[in-house]
Every structure is written in C-alpha cells, then in structure tokens.
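Structure record follows, encoded as structure tokens.
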There are 2 protein chains.
Amino acid sequence: MGFQIIPLPYNDEMDRNTRQRHAIELVFKAADRPLSVQDVLEAGQKILPALGIATVYRAIKGMVDEKWLTPVQIPGENPYYEPAGKTHHHHFRCRQCQKVFELEGCVFDFDKHLPNGFHAEHHDLVIYGRCPICPASVKSTRRAARQH
Amino acid sequence: MGFQIIPLPYNDEMDRNTRQRHAIELVFKAADRPLSVQDVLEAGQKILPALGIATVYRAIKGMVDEKWLTPVQIPGENPYYEPAGKTHHHHFRCRQCQKVFELEGCVFDFDKHLPNGFHAEHHDLVIYGRCPICPASVKSTRRAARQH
DNA sequence: GTAGCTGCAAATTCTTTGCAGTTGT
DNA sequence: ACAACTGCAAAGAATTTGCAGCTAC
C-alpha cells in the first residue's frame, strides 16, 4: 500500500454555521475592546439565551485556531480575545475602570536591546495606568486608542 | 546568558522561621531564574521531602506580601516568582527550552508614546524568542505550556 | 441521514481554605 | 504554653471533556 496524505494540522473547525457561533461572531464584531469569556457569554445570551459556557469556550478556541481571534493576555488575569488581523499593537489596562484598551503601533525594536545570543521573535507589552475616561484630572481626550 | 544572584533585601517579617519556609527561601536563593510553584515544590522536597503544596503556596504568598518575592507573569502561563528588590527589568521566554530569563534594564519611556489622556504608571514586557543555549534549528514542540 | 455542534454535568488543573495536629519561641 | 505553621483533603474558580440529543447541510 502506498503513502497516505495526512491532513494538515491546520484547523478548520467551525464546519457549520450554527446559531451559537454566529451569535458569538456578532458579539465580537460589535465589541470595541477585547472581551473575556464571560463577556462573550453574557452578550451572547442576549441573542441566544440558552447559550452555554462550554460552547463559548469551544467556539473561541476554534476561532483562535482559525486565526480569526487573538488572545489578549493580561498578566495575572483570565484571557481576553479580540478579532485577529489587526496590525501589531499592545494593550493598556486602566487601573481605575479595569478596562483594556488597544494601543496602536509599536515603537520598539527589541532585538537591538537584547544581550548577545538572544534572538527576539515576538513580544507582549501591557501598560498599566489611568485612561482618559477615568481621570483624576486630565480631560483632553483627543482621539487615541479604541476605547472602552 | 546566565543570571547573577542579586543579594536579597533582608526581611524578618515572617512570624516564624520554620524549616519549610527556610527551605523555600534557600530554593529561591539558589535559583538562577524565576521559579514556578511546582519548581519550588520539587526543589523544596529535596530538602524537606514532606513539604506540601499548600505550604508552598502560603509561603510564596507571604513572601510576596512582604515584598520578598515578585510574581513574574508570562501571558498564558502559571505565575513564576523571583526574589524582589532587583532593578526594573523584564523577561525573555525561550520558545525552545521554555525557560524564563531576566533581562536587565529598561530603556523605554512609555508615557511618551501613549495617546493623549493616557498616563502610564507601570508596564510588563515579555520578549519571546530563542536563547543562546538553544540551537536555531530545532523545532519547538506544540504549546509546551501547562508543564509541571 | 449523519457528522458536527450543543448543553449539561462531570472531570481537570491550579490555587485557596478548613481543620486537627505540630512546632518555634 | 500557645499562636502560628503544616500537611491533608475538601473547596473554589477557570477551563476542558464525555455524552446523549439536536441540527445544519
């Protein structure tokens, strides 16, 4: 017998366009910031009240495998997710309102700052502080990161 | 590549100097990189075989409260801990050997790069790549997180 | 019709906590 | 002596998985 073609490790889950996955897709499309699993569950249940948490986990995992979503990991917290395909960016976490904002652009060139022998392939950066909405003072809210 | 062991700020806030806390202290002093709870448990059990996981969690938590240890959060992974009191620094995670290294110094001034209205107070940075010990060719295995 | 998806509940993994016994001071 | 500490086991919290029924195609 000959060789067999082994299916690509590429994941094409979400074979079906079910109500629940469509609802979850809508939730992400309507969101203006990264969402937690609970955020997705709650928003999704407004569309489909019977939506279960396991389905949300499975759908999100499938969408991440398909590169439709990207996880946003804030150290010490449960993951958030946001639609993929955006340009390289980082996140800002407001210590007052606890919301996570996206920061466009990346001004860093890490390779040149690493010790000899280290090679940088990727990086994650989270900046913590105070956002324009929660000011202890400041208010000049020019356009900035996608908020909320 | 290596790390230096920076002298720890001495701290006597622990109510008692028990064998198990002393063992855990030794483990951290002997470590040349941030350690996970499991790392500490395993190393500690070489000194005190009966050492329990709950004790490790409690001791680490106490040492963090006392500012004797600092948590090192790598997105998507369980926390590591390292002796506190070092200068501001970041971490490098080798995608091959999975080890976490310390990178001294931080040349970035993030406040300058934030949109108007945002104020940076703190930041976390993790650089991913290949460390000097690991050969360039080896392919990294599937998501090696969840080790222990 | 049927493979894939869903909800539920049970299982996993990591961490915390209650408790009775132990130990440092 | 006695409060703090410890190990164990049970409890929590977040996520995954097994399974019988449902549903998109």
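Reminder, nothing fancy here: chain letters follow the sequence lines and each chain counts from 1.
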Notebook entry, point to check: Whole-Å distance between D/dC5 P and B/Met63 CE?
Noted result: 11 Å
Next item on the list: May I ask you to decide if A/Gly62's main-chain N or O and A/Asp65's side chain share a donor-acceptor pair within less than 3.5 Å?
Entry: no
Check: For the base of C/dT6, is there a side-chain donor-acceptor partner from A/Arg58 under 3.5 Å away?
Finding: no
Check: Of the nucleotides D/dA24, C/dT6, D/dC5, which one has an atom closest to the side chain of A/Arg16?
Finding: D/dA24
Notebook entry, point to check: To the nearest Å, how far apart are A/Tyr57 OH and C/dT13 P?
Noted result: 16 Å
Next item on the list: Looking only at side-chain atoms of A/Ala54, point me to the closest of D/dT17, D/dT15, C/dG24.
Entry: D/dT17
Margin query: Whole angstroms only, please: what is the NE2-P distance between B/His22 and D/dT6?
Written below: 13 Å
Margin query: Rounded to whole Å, how long is the line connecting atom CD of B/Gln73 with atom C1' of C/dC14?
Written below: 13 Å
Checklist line | Out of C/dT23, D/dT17, C/dC19, whichever nucleotide has its closest atom nearest the side chain of B/Arg19 | finding: C/dT23
Notebook entry, point to check: Rounding to a whole Å, what distance do you find between B/Ile60:CD1 and C/dT15:C1'?
Noted result: 11 Å
Next item on the list: Taking only the side-chain heavy atoms of B/Arg21 (C-beta and beyond), determine which of C/dT17, D/dT16, D/dT6 contains the nearest atom.
Entry: D/dT6
Checklist line | Distance in angstrom units between A/Lys61 NZ and D/dA14 C1', rounded | finding: 13 Å
Margin query: With rounding to the nearest 0.5 angstrom, report the CG to CG distance, B/Leu41 to B/Leu35.
Written below: 12.0 Å
Item checked: Parallel, tilted or perpendicular, as decided by the 30° and 60° cut-offs, for the rings of A/His123 and A/His90 -> tilted
Next item on the list: Name the closest nucleotide to the B/Asn78 side chain, picking from C/dT6, C/dG4, C/dT15.
Entry: C/dT15
Item checked: Backbone of A/Leu51 reached by a side-chain donor or acceptor of A/Gln45 within 3.5 Å -> yes
Notebook entry, point to check: Hey, is the side chain of A/Thr18 poking within less than 4.0 Å of OP1 or OP2 on C/dG4, counting only N and O atoms?
Noted result: no
Margin query: Rounded to whole Å, how long is the line connecting atom CD1 of B/Ile53 with atom C1' of C/dT16?
Written below: 11 Å
Check: Between C/dT15 atom C1' and B/Tyr80 atom OH, what is the distance in whole Å?
Finding: 17 Å
Notebook entry, point to check: Which pair of heavy atoms, one from B/Lys29 and one from B/Trp68, lies closest together, and at what distance?
Noted result: CE-CH2, 4.1 Å
